[in-house]
Visitor: 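This structure is in structure tokens; I'll ask about it shortly.
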Amino acid sequence: MTLHRMITLGLAGVVAATVGATVVQAEPGGCLKYGAAGAVGGHLANHTMLGATAGCITGMYRRHEYRKEARIKAKLYDQEHPGAKGTYEQKATAYDVEHSTTPGSVAGTPPAGSGAPAAQPPQGQPAAQGAEHL
């Protein structure tokens, strides 16, 4: 076995152990997880460092967006429950549970393709041509 292959396998083992040993959280992966995936994808295209860099940047951006959304939800939770204690992550989770939202959407804005019902026509106007009126 060549030295290069041993170093590559050793680094892959360290990355796998680091990713596997982390505590499972609802947060998306950061620079290490996305960077490792980008490095693998980049390695297949002979651009390992470029793939790792792009993966790292993507991971940092996704985590930033997740935390920004969590802070918004925590602020909304604080408005509804003044004096509530806990971290912004706990408040965001409580907001999600209370309002039955899914992570990645704030209440009042259903995710695209969620099958949300269409707006009802105003009172006094016919709903649709051919609709049965009871």
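Note: hydrogens, waters and symmetry copies are ignored here, and every other heavy atom, side chains too, is used. Keep in mind that this is a model prediction, so the values were computed, not measured.
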Visitor: Might you point out which heavy atoms bring Lys33 and Gly29 nearest each other, and give the distance in Å?
Guide: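 Looks like CD-CA, 3.6 Å.
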
Visitor: Rounded to the nearest 0.5 Å, what's the gap from OG1 on Thr58 to CZ on Arg63? Could you check?
Guide: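 The CZ atom of Arg63 is 13.5 Å from OG1 of Thr58, to the nearest 0.5 Å.
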
Visitor: May I have all residue pairs that pass ring pair (Phe, Tyr, Trp, His ring centres under 6.0 Å) and include part of residues 37-56, sequence neighbours excluded?
Guide: none

Visitor: About how many Å separate CD of Glu89 and CZ of Arg67, when rounded to the nearest 0.5 Å?
Guide: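 Output value for this atom pair is 7.0 Å.
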
Visitor: Arg71: which residues meet the side-chain hydrogen bond (donor to acceptor under 3.5 Å, both in side chains) condition with it, sequence neighbours left out?
Guide: none

Visitor: Tell me which pairs pass ring pair (Phe, Tyr, Trp, His ring centres under 6.0 Å) where either residue lies in residues 68-93, with sequence neighbours left out.
Guide: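 Non-adjacent pairs meeting ring pair (Phe, Tyr, Trp, His ring centres under 6.0 Å): Tyr77-His81.
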
Visitor: Once disulfide (SG to SG under 2.5 Å) is applied, what residue pairs with a partner in residues 41-87 remain, sequence neighbours excluded?
Guide: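 Of all non-adjacent pairs touching residues 41-87, those that pass disulfide (SG to SG under 2.5 Å) are Cys31-Cys56.
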
Visitor: Go through the structure and list residues passing side-chain hydrogen bond (donor to acceptor under 3.5 Å, both in side chains) with Glu80, not counting sequence neighbours.
Guide: His99

Visitor: Give the minimum heavy-atom separation between Ala92 and Ala70, together with the two atoms involved.
Guide: CB-O, 3.5 Å

Visitor: I'd like to check the salt bridge (charged side-chain N to carboxylate O under 4.0 Å, His left out) partners of Glu65; sequence neighbours left out, ordered by chain and number.
Guide: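 By the salt bridge (charged side-chain N to carboxylate O under 4.0 Å, His left out) rule, Glu65 matches Lys68.
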
Visitor: Would one find more than 12 heavy atoms of other residues, nucleotides or ligands at under 6.0 Å from atom CE of Met60?
Guide: yes

